[in-house]
Amino acid sequence: MYWKTLNATIEYGSRTLIMGIVNVTPDSFSDGGSFFNPQSAVEHALLLERQGADIIDFGAQSTRPGYTEISADEEWARLAPVLTEFRKKSQIPVSVDTYYPQVAEKALEAGANIINDVSGRIDSRMAQIVKNRRCGWILMYNGAGDCAEVGDFFNSVLLETQALGVSREQLCFDMGIGFGKTRQQDLSLISNIADYKIEGVPLLLGTSRKRVIGEFSGQPSPEKRIFGNIAADTAAILGGVDIIRLHDVENEIQGIRMADAIRRAVSDR
């Protein structure tokens, strides 16, 4: 199966893809602003690629609980030097985490392939950009809900984006772990992926270092939640998730590869 993005067609389904996270923010809950400096962000992205990331996801707007929203201009000021420099050194597919259409447009011009939109709504201006540029578009369910509600949202998104002229092949869905949901809803979504996954659209899981991992693993420090994350990755992969968005590629890739091998063995029986 293939996900059509700007200047890159990404094959998925035969193995789980890894999206490495680079936060170009001073206030990320997960890494404390370690890569706010553009040079540090580029160097870290290149490291994640060497460690096995298939896609790099740059974000310049924190979405941690209680975050302060920044303007589109400030978001782009953070992203611009990072994207420009990274594209001189790598051709790996790049996703940009933004819900601002003007930032999306500039990011695509600077070499991004995918827009990772966590807004939880279909913005007609964003849809027009996605349609015209033929880029990938990750759409997340942002709010409380069970598997049935997430599935209903994904189905409604398919109809709405189709009406706006966006191809199904450009879409990727994210169930939105940690965004407005209870921890029990998070667990249900991780463990029942088959109940709401849409055929022909890649599904992305983003649990990396989040509160649901901390609460049930007993690990208060986000940077030390590696093993809890591997357990969540494994459950999701066995359920059929296609892409894992994560911070720690070097260690989690071991669990992802093993979970892939188990899934293949189960399907071959």
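We use all heavy atoms of the structure for the numbers below, so side chains are in, but hydrogens, waters and symmetry mates are not.
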Requested in this report: Indicate, with yes or no, if Ile213 and Phe227 share a hydrophobic cluster defined by side-chain heavy-atom contacts under 4.5 Å among Ile, Leu, Val, Met, Phe, Trp and Tyr.
Outcome: no
Applied to residues 233-251, the salt bridge (charged side-chain N to carboxylate O under 4.0 Å, His left out) test, sequence neighbours excluded, yields Asp57-Arg245, Asp97-Arg245, Lys197-Asp242
Run the numbers on His247 and Glu252 for side-chain contact (heavy atoms from CB on, under 4.5 Å), then give the verdict.
CA-CA 9 Å; His247 297 83; Glu252 286 193 53; 5.9 Å; no
Value for CD1 (Ile244) from CD1 (Ile230), rounded to nearest 0.5 Å, stands at 11.0 Å
- Can you tell me if Gln170 uses its side chain to pair, donor with acceptor, with the backbone of Val130 under 3.5 Å? yes
- Query: Is Met175 close to Leu205 at the side-chain level, that is, under 4.5 Å between some pair of heavy atoms?
  - Reply: yes
**Message:** Count I, L, V, M, F, W, Y as connected when their side-chain heavy atoms are under 4.5 Å apart, and connections chain through other members. Are Leu203 and Phe153 then in the same cluster?
**Reply:** yes
Review point. More than 12 foreign heavy atoms under 6.0 Å from CZ of Arg263: is that the case here?
Key: yes
Could you go step by step and tell me if Met258 and Thr234 meet the side-chain contact (heavy atoms from CB on, under 4.5 Å) rule? CA-CA 8 Å; Met258 190 64 203; Thr234 299; over 6 Å; no
Original post:
Does the side chain of Lys181 reach to within under 4.5 Å of the side chain of Val212, using non-hydrogen atoms?
Top reply: no
dist Glu105:CD -> Trp76:CH2 (nearest 0.5 Å) comes out at 10.5 Å
| request: Using a 4.5 Å cut-off on heavy atoms from C-beta on, say whether the side chain of Gln91 contacts that of Asn7. | output: no
Checking Asn142 side chain against Arg121 main chain: does a donor-acceptor pair fall under 3.5 Å?
no
Q. Could Arg257 and Asp260 be called an ion pair, given the rule that one side-chain N must be under 4.0 Å from one carboxylate O?
A. no
### Message
We want to know whether Asp117 and Ser119 form a side-chain donor-acceptor pair, criterion being a heavy-atom distance below 3.5 angstrom.
### Response
yes
The remaining residues in the hydrophobic cluster of Leu17, counting side-chain heavy-atom contacts under 4.5 Å among Ile, Leu, Val, Met, Phe, Trp and Tyr, are Met1, Trp3, Ile10, Tyr12, Met19, Ile55, Ile114, Ile138, Leu204, Ile243
Distance col, row Ser124:OG vs Glu160:CD, nearest 0.5 angstrom, shows 9.0 Å
Rounded to the nearest 0.5 Å, the CG atom of Leu83 sits from the CG atom of Leu108 at a distance of 9.5 Å
Applying ring-ring contact (aromatic ring centres under 6.0 Å, His included) to Phe154 and not counting sequence neighbours gives Phe173
Shortest non-hydrogen pair, Ala53 vs Ile92, comes out as O-CD1, 3.3 Å
* Is the number of heavy atoms from other residues, nucleotides or ligands under 6.0 Å of Glu74 CD greater than 12? -> yes
Check against side-chain contact (heavy atoms from CB on, under 4.5 Å), Leu158 and Ile198:
CA-CA 9 Å; Leu158 277 179; Ile198 303 297; 3.6 Å; yes
When every non-hydrogen atom of Ala41 is compared with those of Val24, the smallest separation belongs to CB-CG2, 4.1 Å
**Report entry** Short side-chain to backbone donor-acceptor contact, Arg87 and Ala110, under 3.5 Å
**Finding:** no
Minimal heavy-atom distance between Cys147 and Asp195, with the atoms involved, is CB-CB, 4.1 Å
Contacts of Gln219 meeting side-chain contact (heavy atoms from CB on, under 4.5 Å) (sequence neighbours excluded), chain-then-number -> Ser217, Ser221, Lys224, Arg225
Of all heavy-atom pairs linking Leu189 and Tyr196, the shortest is O-OH, 2.6 Å
Verify whether one side chain among Tyr99 and Glu75 offers a donor that lies under 3.5 Å from an acceptor in the other. no
Closest non-hydrogen atoms of Ala45 and Phe86, given as atom of the first, atom of the second and distance, are CB-CE1, 3.5 Å
Between the CD1 atom in Ile70 and the CZ atom in Arg78, the distance rounded to the nearest 0.5 Å is 3.5 Å
Sorted by chain and residue number, the side chain to side chain donor-acceptor pair (under 3.5 Å) partners of Arg125 (sequence neighbours excluded) come out as Asp123
- Is the shortest heavy-atom distance from the side chain of Asp146 to the side chain of Ser188 under 4.5 Å? no
d(Arg168 CZ, Leu159 CG) to nearest 0.5 Å is 9.5 Å
Check your understanding: Would you say Ile129 and Val103 are hydrophobically clustered, going by side-chain heavy atoms of ILVMFWY under 4.5 Å?
Key -> yes
Contacts of Glu85 meeting salt bridge (Lys or Arg N to Asp or Glu O under 4.0 Å) (sequence neighbours excluded), chain-then-number -> Lys88, Lys89
- Item | Within 6.0 Å of CD in Gln39, more than 12 heavy atoms from elsewhere | no
- Item | Cluster link Ile177 to Ile256, ILVMFWY, side chain under 4.5 Å | yes
Here the pair of heavy atoms bringing Ala60 nearest to Leu79 is CB-CG, 3.6 Å
Let me check something: do Ile18 and Tyr2 share a hydrophobic cluster, defined by ILVMFWY side-chain heavy atoms less than 4.5 Å apart, either directly or through other members? no
Where do Arg15 and Asp54 land on the side-chain contact (heavy atoms from CB on, under 4.5 Å) test, with the steps shown first? CA-CA 11 Å; Arg15 65 177 179 87; Asp54 301 287; 2.6 Å; yes
